[in-house]
Amino acid sequence: MKAELALQEPAPLRARRLGIHTQYEAVVFMRTDCHVCRSEGLTAHSRVLLLAGGREVLATLYQVSSDLLSTDEIGLSESAWSRLGADEGAAVYVRHPERVESFSRVRARLFGNRLGDQDFAPILSDVSSGRYSDIELAAFITGTSAFPLDEAETVALTRSMVEVGDRLVWPGGTVVDKHCVGGLPGNRTTPIVVAIVAAHGLTMPKTSSRAITSPAGTADTMETMAPVDLTIEQIRRVVEEESGCIVWGGAVRLSPADDVLIRVERALDLDSEGQLVASVMSKKIAAGSSHLVLDLPVGPTAKIRSEAAAIALSNRLSAVATAFGLRSRIVLTDGAQPVGRGIGPALEAHDVLRVLQLSANAPIDLKERACALAGALLELGGRAQEGAGQQLAARTLEDGRAWAKFQRICEAQGGMRVPPTARQRSPILASSTGVVLSIDNRRIAKLAKLAGAPDAKAAGVELHVRLGDPVAVGEALCTVHAQTPGELRYAMDYASSGAAIFQIGD
């Protein structure tokens with residue numbers, strides 16, 4: 001019987017690399033009249049299992065009815081091609097994948113049921129192995145956002161995220177880290193904090209994310225100054241040499257399921273509290289952190305709108321940290337307006353460099369925030385007495401030790417780079433005379449994203465005013481930076497459409 005079934009299996013298709021970029025999703029293309037589609041009953045958007053040369057890949061099927069492909073060919077997107085590792089013309093077998101059993105737990109969550117370790121573990125295992133389609137991932141994220149995770153679920157989700165990936169272990173008992181929950185454009189303190197803390201010999205292996213819903217993540221900004229796609233072995237070497245690093249966490253398998261979820265969260269523009277806490281804490285635990293400072297900006301247009309919301313999130317973060325044996329300190333910071341002058345990867349990098357290089361035009365607010373956070377880490381890590389950390393951090397900047405350490409970290413990561421500059425620029429002018437009463441964080445972040453950030457590294461917004469500054473009619477409030485005329489025009493159309501980014505009054 002088995003021999004008969006084997007004989008009935010459809011003949012393989014010939015692999016063809018189409019050069020189609022689908023970002024992270026593995027996509028394949030087959031003719032509608034292909035013998036495999038007909039015999040297997042495959043239609044557009046079916047999930048299929050590809051087998052070639054001993055490797056397996058789950059992919060989403062799209063169909064063509066043109067001469068793009070022959071009936072005996074299967075076209076692979078760049079993502080599917082790299083995962084399958086096949087050669088041009090190689091034999092590819094196509095089968096129906098097994099049912100994803102863990103998705104029944106996602107459906108249960110959508111109907112209001114709480115989940116535990118025994119539920120999250122198989123979900124996260126399947127997510128990290130690529131068994132979930134983007135539709136199924138969106139269902140999971142939506143289900144845990146519309147019906148928020150409680151504390152026990154957050155701990156369980158965090159644990160499952162950690163267990164499906166690798167973990168770093170460092171010699172010695174103290175490994176420090178910091179994280180900002182986001183929502184505040186330009187708040188790029190991490191490179192400065194790492195340089196200050198590492199200059200005092202504290203171990204700080206900083207793994208950072210790329211942007212989720214913002215114009216730049218720390219990894220996006222750092223990438224304009226040095227390589228960030230390091231392997232675990234390379235991270236170990238850099239930290240052994242310089243005590244710290246600033247790398248992209250997605251380049252290594254530290255909480256890999258979180259990287260998959262972040263990609264879909266970005267598309268949905270969702271970043272729920274439970275997912276946020278699990279995302280942050282899983283990365284810190286996997287990176288081997290023992291002491292953690294968390295920056296929570298609070299403001300009317302920040303991610304955290306009120307002090308009450310900040311306290312609630314602080315309690316959740318502290319509870320999860322305690323559950324995993326981490327010592328943590330929460331720092332509530334002013335989120336009323338963007339930090340520094342640059343919003344977007346390269347523009348934020350220029351601000352970081354000005355602070356480290358002690359430039360006369362360095363943004364004071366960025367410097368003070370970085371020193372406050374670095375000071376909290378120096379105190380938590382035993383390098384400064386309580387209340388003396390911020391002053392020690394400021395001295396470390398002023399005497400050049402932080403800049404020297406940052407340069408060495410960049411060189412150890414693969415060499416220092418010069419952040420790029422945008423080809424296209426256009427100012428946004430004040431329509432009246434008065435005082436800057438408010439700057440909408442969300443709208444100015446959207447303006448930077450419409451200009452091309454974070455994908456276009458030089459794109460973004462350069463601020464020229466702060467809250468309380470007097471302005472005259474026709475004065476530049478900010479300048480939009482873009483790589484192409486089309487992106488610049490798109491961003492300027494948004495700015496002129498009535499979106500109240502700046503409020504000017506008496």
Side-chain angles (χ1 to χ4, degrees), residues 100-129 131-132 136-167 177 179-182 209 212 249 254-262 264-265 268 270-296 303-330 332:
V100 182
E101 295 293 339
S102 68
F103 193 71
S104 64
R105 294 169 167 88
V106 176
R107 280 194 292 269
R109 191 63 174 67
L110 290 168
F111 284 102
N113 295 288
R114 294 290 180 186
L115 303 182
D117 287 328
Q118 74 281 5
D119 303 304
F120 282 117
I123 291 172
L124 273 295
S125 177
D126 285 338
V127 167
S128 65
S129 62
R131 292 182 57 79
Y132 273 42
E136 291 164 332
L137 290 168
F140 175 67
I141 291 165
T142 303
T144 54
S145 299
F147 174 40
L149 299 168
D150 63 16
E151 185 175 305
E153 285 183 303
T154 304
V155 171
L157 176 59
T158 303
R159 183 178 294 109
S160 296
M161 283 184 168
V162 173
E163 288 177 351
V164 297
D166 296 330
R167 295 186 69 167
D177 206 342
H179 183 83
C180 175
V181 299
S209 64
I212 301 176
L254 302 179
S255 187
D258 182 50
D259 298 314
V260 178
L261 295 174
I262 282 174
V264 180
E265 286 173 340
L268 295 174
L270 284 175
D271 195 10
S272 67
E273 181 178 291
Q275 290 277 0
L276 182 154
V277 172
S279 174
V280 171
M281 300 309 297
S282 66
K283 291 288 176 65
K284 305 311 170 192
I285 296 161
S289 302
S290 62
H291 296 66
L292 176 63
V293 167
L294 291 152
D295 174 14
L296 275 61
K303 182 179 293 184
I304 306 172
R305 304 292 185 89
S306 66
E307 186 173 340
I311 291 171
L313 180 56
S314 297
N315 292 338
R316 178 72 64 87
L317 286 162
S318 297
V320 175
T322 300
F324 289 93
L326 272 70
R327 288 186 58 191
S328 64
R329 182 180 296 185
I330 311 293
L332 303 188

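- Here the straight-line distance linking atom CD1 of Ile123 with atom CE of Met161 works out to 10.5 Å at 0.5 Å rounding.
- Inter-residue side-chain proximity for Asp150 and Glu153 is flagged as met; some heavy-atom pair is nearer than 4.5 Å.
- Formation of a donor-acceptor pair under 3.5 Å by the Ser289 side chain with backbone atoms of Ile285 is not found in this model.
- Here the side chain of Lys303 pairs a donor or acceptor atom with the backbone of Val181 at under 3.5 angstrom.
- Nearest heavy-atom pair, Ala139 versus Val106, reported as atom, atom and distance to 0.1 Å: C-CG1, 4.2 Å.
- Arg114 CZ to Phe147 CZ: the interatomic distance, rounded to the nearest 0.5 Å, is 3.5 Å.
- Val127 pairs with exactly one of Val164, Asp259, Leu137 by the side-chain contact (heavy atoms from CB on, under 4.5 Å) rule, that one being Leu137.
- The minimum heavy-atom distance linking Leu332 with Ala310 is given by the pair CD2-CB, 3.8 Å.
- Closest non-hydrogen pair, Leu254 versus Ala286, comes out as CD2-O, 3.7 Å.
- Although no hydrogens or angles enter the test, the distance criterion places a donor-acceptor pair under 3.5 Å between the side chain of Asn113 and the main chain of Ala108.
- The salt bridge (charged side-chain N to carboxylate O under 4.0 Å, His left out) test applied to Arg167 returns no partner, not counting sequence neighbours.
- A donor and an acceptor atom, one from each side chain of Thr144 and Gln275, are located under 3.5 Å apart.
- Leu110 and Gly143 get closest at one heavy-atom pair: CD2-CA, 3.5 Å.
- For Ser160, the side-chain contact (heavy atoms from CB on, under 4.5 Å) partners two or more places apart in sequence, or in a different chain, are Phe120, Ala121, Leu124.
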Would Leu317 and Ser328 satisfy side chain to side chain contact (heavy atoms under 4.5 Å, CB included), going step by step from the backbone distance to the final call?
CA-CA 9 Å; Leu317 286 162; Ser328 64; over 6 Å; no

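- Shortest non-hydrogen contact noted between Lys284 and Leu326 is CB-CD2, 4.3 Å.
- Once rounded to the nearest 0.5 Å, the distance linking OG of Ser104 with CZ of Arg109 reads 14.5 Å.
- In terms of heavy-atom proximity, Ser145 sits nearest to Leu270 at OG-CD1, 4.2 Å.
- Here the options are Leu294, Leu149, Thr154, the test is side-chain contact (heavy atoms from CB on, under 4.5 Å), and the partner is Val277; only Thr154 passes.
- With rounding to the nearest 0.5 Å, the separation of OG in Ser255 from CG in Leu261 is 8.5 Å.
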Determine, step by step, whether Ser282 and Asp258 satisfy the side chain to side chain donor-acceptor pair (under 3.5 Å) criterion, reporting the C-alpha distance in whole Å, the side-chain angles of both residues, the deciding distance to 0.1 Å, and the verdict.
CA-CA 8 Å; Ser282 66; Asp258 182 50; 4.8 Å; no

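- At least one donor-acceptor pair under 3.5 Å links the side chain of Asp119 to the backbone N or O of Gly116.
- The distance from the CE atom of Met281 to the CZ atom of Arg159 is 12.5 Å, given to the nearest 0.5 Å.
- Distance CD/Glu265 to OG1/Thr142: 10.0 Å, rounded to 0.5 Å.
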